[in-house]
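We count residues from 1, following the sequence as given.
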Amino acid sequence: MKRLKRDYYNQTFSHIYVEDAVREHPRTKEILKRFPDARQISIHHYKDVFCRKKQNVAMQTKHPMLILAAKQGRLIYEGAPVCQSFGNEYFYYTSCVMNCIYDCEYCYLKGMYPSGNIVIFVNIEDIFAELEDILKRHQVYLCVSYDTDLMALEDLTGFVEMWEEFVQSHSGVRIEIRTKCGRTDLWDRLVPDKNVIFSFTLSPERIQASCEHGTATLDERIRCIARAIELGFPVRLCFDPIIYCPGWRREYDTMLEKVEAQIDMGKIWDISVGSFRISQDYIKKLRRSQRDSSVVQFPFVNDNGVYHYPDKLMNEMEQHVVEKLVRWIPEDKIFRWKV
């Protein structure tokens with residue numbers, strides 16, 4: 001993916017809602033400088049805009065507005081059962097940003113949030129303070145980019161660099177930054193650290209083109225990964241979610257062959273494998289938002305509150321990918337999500 005320019009941001013964020021409490025925050029001022037033509041609207045609380053009833057999430061996702069706010073209350077949460085813990089006992093996640101600049105049809109955010117607008121919590125220092133308190137009790141494995149793509153928004157927020165600086169100055173914490181970005185220029189601004197894992201979701205070209213709107217192409221992601229590995233950054237490959245489509249074996253085989261040919265698999269940190277799954281709390285709303293999406297409208301099964309492909313299909317797809325991967329990487333480095 002090409003670097004997002006100021007013109008793109010201005011076109012996307014034509015309106016910016018700003019909480020009164022963060023109006024004078026230095027990070028708010030820095031972000032607002034990027035949008036001289038945007039209409040600024042003062043609000044008391046971000047939920048006054050973000051949580052309004054009867055919003056058109058699908059339309060907002062295509063043309064999102066920006067909300068600048070302060071995150072309050074609890075800031076760090078235990079990891080969800082549908083997510084990979086990678087064997088870590090103390091598995092947490094946090095949200096510096098809500099919603100994503102990308103528009104993936106199957107994204108659970110469309111089922112979780114009432115709005116497609118993007119909220120940036122400018123008070124990241126408060127998240128750091130809460131994390132410091134947790135680190136006094138035990139180690140932490142923290143996912144910081146579940147509810148957005150921080151890499152894609154780095155020019156706007158600078159949060160990736162800030163997270164890296166925090167990790168480098170604190171012991172006992174390891175973070176994962178998940179992305180579908182293809183920006184190789186960011187590696188020149190970052191420093192490799194074994195406790196900052198960059199986790200790339202990889203999808204076949206057919207899936208990316210039809211379902212992952214606005215994301216970097218498979219080739220762009222592969223180039224970005226190859227460059228990161230060359231510079232010494234820890235990289236996780238995520239074949240997760242695996243998405244069913246007619247001819248899925250051919251599609252995934254082609255992708256895996258391309259990955260193996262262009263990426264030094266011996267230097268991969270580890271690999272995540274898992275087919276599409278989503279909480280029952282989100283699927284109904286997601287389907288309302290994505291009525292024309294064959295991926296979302298698939299007849300999933302409900303297993304203790306988690307919707308996923310029927311067991312036979314789920315196991316076939318996941319096992320097929322794993323069998324290909326074990327030719328290039330030790331099996332103990334492949335983490336497969338379990339129902």
Side-chain angles (χ1 to χ4, degrees), residues 1 3 27 75-77 79 83-97 121 124-202 216 220-238 240 259 263-272 329-330 332-335:
M1 179 182 172
R3 184 167 179 166
R27 201 160 293 114
L75 309 180
I76 297 175
Y77 317 93
C83 300
Q84 290 267 25
S85 67
F86 298 95
N88 292 280
E89 180 179 2
Y90 299 108
F91 168 40
Y92 294 85
Y93 78 94
T94 191
S95 299
C96 316
V97 178
F121 294 113
I124 191 173
E125 59 275 1
D126 292 333
I127 300 177
F128 291 158
E130 184 167 314
L131 180 53
E132 286 175 333
D133 288 339
I134 298 175
L135 287 171
K136 293 175 183 177
R137 302 192 296 272
H138 52 68
Q139 295 182 338
V140 172
Y141 176 75
L142 182 68
C143 296
V144 303
S145 193
Y146 268 178
D147 296 345
T148 192
D149 192 311
L150 288 183
M151 291 279 282
L153 290 173
E154 182 62 3
D155 284 346
L156 191 57
T157 66
F159 284 168
V160 173
E161 286 190 75
M162 294 178 68
W163 272 113
E164 185 179 67
E165 290 170 1
F166 179 92
V167 170
Q168 291 169 349
S169 61
H170 293 76
S171 61
V173 59
R174 173 170 288 162
I175 67 170
E176 180 201 58
I177 300 174
R178 184 163 293 200
T179 186
K180 293 177 181 175
C181 189
R183 291 186 51 182
T184 57
D185 63 297
L186 289 180
W187 304 129
D188 297 329
R189 294 153 54 178
L190 303 170
V191 179
D193 189 294
K194 64 181 178 64
N195 289 318
V196 181
I197 301 172
F198 291 91
S199 181
F200 284 82
T201 300
L202 295 176
E220 289 170 333
R221 294 183 214 180
I222 289 175
R223 283 196 295 270
C224 188
I225 292 167
R227 179 60 176 161
I229 292 173
E230 178 186 347
L231 294 173
F233 289 90
V235 172
R236 169 175 291 143
L237 302 184
C238 292
D240 182 2
V259 168
I263 293 175
D264 187 344
M265 299 298 282
K267 294 182 179 179
I268 291 297
W269 183 269
D270 57 26
I271 293 179
S272 170
I329 192 167
D332 62 1
K333 283 192 171 186
I334 301 174
F335 292 84

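The neighbour count for Q168 CD, taken as heavy atoms of other residues, nucleotides or ligands under 6.0 Å away, is above 12. More than 12 non-hydrogen atoms from other residues, nucleotides or ligands lie less than 6.0 angstrom from NZ of K333.
Under the 4.5 Å side-chain criterion, counting only non-hydrogen atoms from C-beta, I222 is in contact with V259. Residues F200 and T179 form a side-chain contact, since some pair of their non-hydrogen atoms from C-beta on lies under 4.5 Å apart. Side-chain contact check for E176 versus Y93: every heavy-atom pair is 4.5 Å or farther apart. In this structure, F159 and I177 have side chains that are not in contact, with every pair of non-hydrogen atoms separated by 4.5 Å or more. In this structure, W163 and L142 have side chains that are in contact, with non-hydrogen atoms separated by less than 4.5 Å. By the 4.5 Å heavy-atom criterion applied to side chains, E164 and V160 are not counted as neighbours. Residues W269 and S199 form no side-chain contact, since every pair of their non-hydrogen atoms from C-beta on lies 4.5 Å or further apart. In this structure the side chain of F91 reaches within 4.5 angstrom of the side chain of C143, judged on heavy atoms.
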Legend entry - side chain to side chain contact (heavy atoms under 4.5 Å, CB included) evaluation trace for F128 with M162: CA-CA 10 Å; F128 291 158; M162 294 178 68; 4.2 Å; yes

Legend entry - Verdict with supporting geometry, T157 and C96, side chain to side chain contact (heavy atoms under 4.5 Å, CB included): CA-CA 10 Å; T157 66; C96 316; over 6 Å; no

Inset, instruction - Show the numbers, then the answer: is there a side chain to side chain contact (heavy atoms under 4.5 Å, CB included) between F166 and I124? - result: CA-CA 11 Å; F166 179 92; I124 191 173; over 6 Å; no

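A donor-acceptor contact shorter than 3.5 Å links the side chain of E154 to the backbone of E161. Between the side chain of R221 and the backbone N or O of A216, at least one donor-acceptor pair lies under 3.5 Å. No donor-acceptor distance shorter than 3.5 angstrom exists from the side chain of T148 to the backbone of S145, with no hydrogens or angles considered. Checked by atom type and distance alone, the side chain of T201 never pairs as donor or acceptor with a backbone atom of K180 at under 3.5 Å.
Nearest heavy atoms, L231 versus P192: O-CG, 3.3 Å. The minimum heavy-atom distance linking D193 with P234 is given by the pair O-CG, 3.2 Å.
Distance check: I76 CD1 to D126 CG gives 10.5 Å after rounding to the nearest 0.5 Å. Taken to the nearest 0.5 Å, the CG atom of D188 stands 6.0 Å off from the CZ atom of R227. Distance check, rounded to the nearest 0.5 Å: SG of C238 to CG of L202 gives 8.0 Å. N195 contributes atom CG, which lies 11.0 Å from atom OH of Y141 (distance to the nearest 0.5 angstrom). Residue K267 holds its NZ atom at 13.5 Å from CD1 of I329, rounded to the nearest 0.5 Å. Taking CH2 of W187 as the reference point, atom CD1 of I229 lies at 9.5 Å (rounded to 0.5 Å).
Classification of the F233-F198 ring pair by plane angle, with boundaries at 30° and 60°, yields perpendicular.
Residues in residues 129-139 take part in these salt bridge (charged side-chain N to carboxylate O under 4.0 Å, His left out) pairs, two or more places apart or across chains: D133-K136.
One finds a salt bridge joining R189 and D155 here, because a Lys/Arg side-chain nitrogen approaches an Asp/Glu carboxylate oxygen to under 4.0 Å.
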